[in-house]
There are 2 protein chains.
Amino acid sequence: MSPDQTAYSPEALKAELNAKGWRMTPQREVILSTFQNLPEGEHLSAEDLFYRLQEQGENISLSTIYRTVKLMARMGILRELELTEDHKHYELNQPRPHHHHHLVCMKTNRVIEFKNDQILTISQKVADKYGFKVLDCQLTIIGVSPEGQRSIF
Amino acid sequence: MSPDQTAYSPEALKAELNAKGWRMTPQREVILSTFQNLPEGEHLSAEDLFYRLQEQGENISLSTIYRTVKLMARMGILRELELTEDHKHYELNQPRPHHHHHLVCMKTNRVIEFKNDQILTISQKVADKYGFKVLDCQLTIIGVSPEGQRSIF
DNA sequence: ATGCGTGCAAAGTCTTTGCAGCTTC
DNA sequence: GAAGCTGCAAAGACTTTGCACGCAT
């Protein structure tokens with residue numbers, strides 16, 4: 001994973017886009033900064049982001065949001081999370097030491113974040129073995145929380 | 001994760017279902033055995049499974065397949081994989097030493113499996129800390145394969 | 001000036017659900 | 001018998017796409 005992307009500036013984004021023949025737009029800038037200002041550990045679905053922007057008076061269409069998050073995920077700026085819920089969530093793809101993983105309760109859908117540096121090390125090693133460049137690595141532990149263990153179903 | 005589920009018998013499945021007030025059916029038995037006979041490392045989407053069964057002359061409806069794989073995933077018999085593609089894949093949730101993880105190329109969608117016991121250990125420790133019972137843990141490394149690195153987009 | 005990006009609405013894909021009849025416990 | 005299951009078709013949720021216009025380069 002590349003250098004600190006939390007401090008990723010609009011200029012840096014523009015440079016990276018232009019390098020590939022793409023363009024900087026106000027929408028893209030707003031979306032990037034929204035993710036940068038998100039409290040650590042919070043992740044948004046496309047729809048979450050849409051409504052959050054609406055509330056801030058930013059009218060960005062859902063289509064643009066879908067297109068943008070997918071683009072940024074491909075660029076390695078966002079990480080695409082697939083937790084138990086049926087839709088994808090996005091959050092900034094952060095370098096150590098902010099990089100984290102998820103523990104999910106299959107019954108209650110509770111999600112707990114945790115950090116662990118060994119995982120990144122392991123991932124790096126595996127990727128090297130196959131000649132892959134690592135963009136992101138996610139350990140998802142699926143289990144049953146204490147509350148879930150008490151429920152019948 | 002519980003004891004060896006590769007050798008999970010129809011009777012064991014029935015017992016587990018009945019214990020929760022559910023029932024054993026021919027469809028469920030066929031689906032379980034299909035996953036058990038899958039070569040290690042192969043995983044199926046609902047649709048894959050549907051067509052594979054059709055070819056074997058087993059006419060099980062797509063609805064039933066969706067219902068069954070979800071049920072078995074909740075029971076911890078199958079693991080639900082969300083790799084890069086847009087739909088879910090399923091495979092037997094196997095204990096050590098068959099348990100494995102995935103390295104995915106974001107550009108070509110190539111998927112490589114790998115094993116690593118440390119991950120299960122780490123997961124167990126994290127889960128213990130929060131009082132969770134572990135059903136499954138999946139490390140997904142997203143990156144770019146050598147071939148992918150050569151492509152423009 | 002070129003051609004990428006946006007918004008809108010329509011179309012798609014994968015998945016879930018209501019219901020009648022059948023099956024399992 | 002009662003209640004869960006299946007299959008079918010229809011409905012749903014989320015995501016993608018075609019097109020005309022506007023905007024970044």
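Values below: every heavy atom of this structure, side chains too, minus hydrogens, waters and symmetry copies. Just so it is clear, the model here is predicted, and its values are computed rather than measured.
- Taking atom NZ of residue A:Lys88 and atom P of nucleotide C:dT15, one finds them 11 Å apart after rounding to whole Å.
- Taking NE2 of A:His99 as the reference point, atom CD of A:Gln94 lies at 9.0 Å (rounded to 0.5 Å).
- Listed pair A:Asn18 / D:dT25 meets the phosphate criterion, a side-chain N or O lying under 4.0 Å from OP1 or OP2.
- Per the geometry, NE2 belonging to A:His89 stands 12 Å off C1' belonging to D:dC14, to the nearest Å.
- Nucleotide D:dT6 holds its C1' atom 13 Å from the CG atom of B:Asn59, rounded to whole Å.
- The pair B:Lys88-B:Glu47 does not count as a salt bridge, with every side-chain nitrogen at least 4.0 angstrom from each carboxylate oxygen.
- A residue-by-residue look at B:Lys14 and B:Arg67 shows that B:Arg67 has its nearest nucleotide of DNA chain C further toward the 5' end.
- Rounded to an integer number of Å, the gap from CG of B:Leu49 to C1' of D:dT6 is 15 Å.
- Nearest to the side-chain atoms of A:Thr64 among the listed nucleotides C:dC4, C:dG7, D:dG4 stands C:dG7.
- In summary, the aromatic rings of A:His102 and A:His89 are positioned with their centroids too far apart to meet the 6.0 Å limit.
- Residue contacts shown for A:Leu62 are absent, as no nucleic acid heavy atom lies under 4.0 Å away.
- When distances run from any side-chain atom of B:Met24 to the nucleotides D:dG7, D:dT25, C:dC25, the shortest one goes to C:dC25.
- Contact annotation: B:Gln27 reaches the phosphate of D:dG7 (side-chain N/O to OP1 or OP2, under 4.0 Å).
- Side-chain atoms of A:Thr68 lie closest to C:dT6 of the nucleotides D:dC8, C:dC4, C:dT6.
- Neither OP1 nor OP2 of C:dT16 sits under 4.0 Å from any side-chain N or O of B:Tyr66.
- Taken from CG in B:Leu49 to NE2 in B:His43, the straight-line distance is 13.5 Å, to the nearest 0.5 Å.
- Checked by atom type and distance alone, the side chain of B:Gln36 pairs as donor or acceptor with a backbone atom of B:Tyr8 at under 3.5 Å.
- If you measure from atom CZ of A:Arg74 to atom C1' of D:dT16, you get 12 Å, rounded to the nearest angstrom.
- Ranked by how close their nearest DNA chain C nucleotide is to the 5' end, B:Pro26 and B:Ser45 are led by B:Ser45.
- Atom-to-atom, CD of A:Gln54 to P of C:dG7 comes out at 10 Å; the value is rounded to the nearest Å.
- Note: CD1 (B:Ile60) to P (D:dC8) measures 12 Å, nearest angstrom.
- A donor and an acceptor atom sit less than 3.5 Å apart, one in the side chain of A:Arg23 and one in the base of C:dG3.
- In this structure, A:Glu16 atom CD and D:dT25 atom C1' are separated by 18 Å, rounded to whole Å.
- Taking 4.0 angstrom as the limit, A:Thr25 places a side-chain polar atom (N or O) nearer than this to OP1 or OP2 of C:dT6.
- Contact annotation: A:Ser63 side-chain N/O to C:dG7 OP1/OP2 distance is not under 4.0 Å.
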